Amino acid sequence: MGVEGGMKCIKFLVFFFNLIFWLCGLALVVVGILVQVRFHKSLTIHDVSASAAPIVIIGIGAVIFVIAFFGCCGAWKENHCMVTTFAIFLFMIIVVEIAAVIVGYVYRDKLSAVVQDSLTDMISHYKNGTNELRKGLDQLQEDLKCCGVNSSSDWSDFTSDGNSVPDSCCVTRSLGCGVGTMTNAGVVHQKGCHDALEALLKKNIMWVIVAALVIAGLQILGIVFSCLLMKGIRSGYEVM
């Protein structure tokens, strides 16, 4: 009787963990999308590895929805094959999540160079680039209250006078406020966007890493409970 009660408890625990996995999958998709959007709204990225971790996290979140189905059905029907499939898929996802965490952590060290190159590229193409690029860079400078890559002087080639910046650099934005005011600290933000943007992106990457590690921990528990349920099913115990 004690064994039957214990197996029944494990069965409901597998159900409970599948509900958590479904929510975790949703959380991973949301966090991954937010970080991906933040990257591409803030920067023109040419390094594909820069957005590898968020894309992997989004993919993992989507796959978790399917895997949760195997766990729920396998536990409800006491189907050894489905519970085994659930446990195997879960293990594979943990491996991918760990790989994504490693990529994200390693990428943090490359972030400074990527931000530097991307901002420099966006500034050089600002005048002749797309409207979307200009809007993106303007929004970035307004939101972070910064100007240029390292300082407002990065806009020296913006106009022929060499002393003007886009209006988005202004402390209080108005039409033409950046004309001839590059070095005027009362009118134009003097600090560049590099450090502020790097800090913001590092924070976002950290959220992805933390989310992946927490969910991986829960998934390990899910594998343990699934293995116990598999053992009970295989041994022929009645868990209903």
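Just so you know, these numbers use all the heavy atoms, side chains as well, and skip hydrogens, waters and symmetry mates. Keep in mind it's a predicted model, so treat the numbers as computed, not measured. For the single chain, residues carry numbers from 1 onward in sequence order.
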Would you find a donor on one side and an acceptor on the other, under 3.5 Å apart, between the side chain of [X] and the backbone of [Y]?
X: Asp154; Y: Asn150; value: yes
X: Asp167; Y: Gly176; value: yes
X: Gln141; Y: Gln139; value: no
X: Thr181; Y: Gly178; value: yes

Where [X] and [Y] come nearest, the two heavy atoms and their spacing:
X: Met182; Y: Val188; answer: O-CG1, 4.0 Å
X: Gly148; Y: Cys169; answer: N-SG, 4.5 Å
X: Ser112; Y: His194; answer: O-NE2, 3.0 Å
X: Ile94; Y: Ala216; answer: CD1-O, 4.1 Å
X: Leu111; Y: Leu201; answer: CD2-CB, 3.8 Å
X: Val165; Y: Phe158; answer: C-CE2, 3.6 Å

According to a hydrophobic-cluster definition based on side-chain heavy atoms being under 4.5 Å apart (Ile, Leu, Val, Met, Phe, Trp, Tyr only), do [X] and [Y] belong together?
X: Leu221; Y: Ile88; answer: yes
X: Ile102; Y: Val95; answer: yes
X: Trp155; Y: Val179; answer: no
X: Met92; Y: Met230; answer: yes

For this session: List the steps and the verdict of side-chain contact (heavy atoms from CB on, under 4.5 Å) for Asn131 and Arg134.
Result: CA-CA 5 Å; Asn131 190 46; Arg134 285 192 293 274; 3.9 Å; yes
Roughly how far, to the nearest 0.5 Å, is the [atom2] atom of [Y] from the [atom1] atom of [X]?
X: Glu132; Y: Leu137; atom1: CD; atom2: CG; answer: 12.5 Å
X: Cys227; Y: Phe86; atom1: SG; atom2: CZ; answer: 10.0 Å
X: Ser156; Y: Asn163; atom1: OG; atom2: CG; answer: 10.0 Å
X: Lys135; Y: Leu133; atom1: NZ; atom2: CG; answer: 12.5 Å
X: Asp117; Y: Met122; atom1: CG; atom2: CE; answer: 13.0 Å
X: Gln190; Y: Ser152; atom1: CD; atom2: OG; answer: 3.5 Å

If you define the side chain from C-beta out and look only at heavy atoms, does anything of [X] sit under 4.5 Å from [Y]?
X: Thr172; Y: Cys177; value: no
X: Val171; Y: Val187; value: no
X: Phe225; Y: Phe16; value: no

Problem set entry | Verdict with reasoning, Asp157 to Lys127, per side-chain contact (heavy atoms from CB on, under 4.5 Å) | CA-CA 10 Å; Asp157 295 328; Lys127 288 178 68 175; over 6 Å; no
Exercise. Taking SG to SG, are Cys193 and Cys147 separated by less than 2.5 Å?
Worked result: no
For this session: Would you please test Asp138 and Tyr126 for side-chain contact (heavy atoms from CB on, under 4.5 Å) and show each step?
Result: CA-CA 10 Å; Asp138 284 340; Tyr126 183 86; 2.8 Å; yes
For this session: Would you please say whether a donor-acceptor pair under 3.5 Å links the side chains of Asp161 and Ser164?
Result: yes
For this session: Using only heavy-atom distances, determine whether the side chains of Glu142 and Ser168 contain a donor-acceptor pair under 3.5 Å.
Result: no
For this session: Might you work through the side-chain contact (heavy atoms from CB on, under 4.5 Å) test for Thr130 and His125, ending with a clear yes or no?
Result: CA-CA 8 Å; Thr130 63; His125 290 91; over 6 Å; no
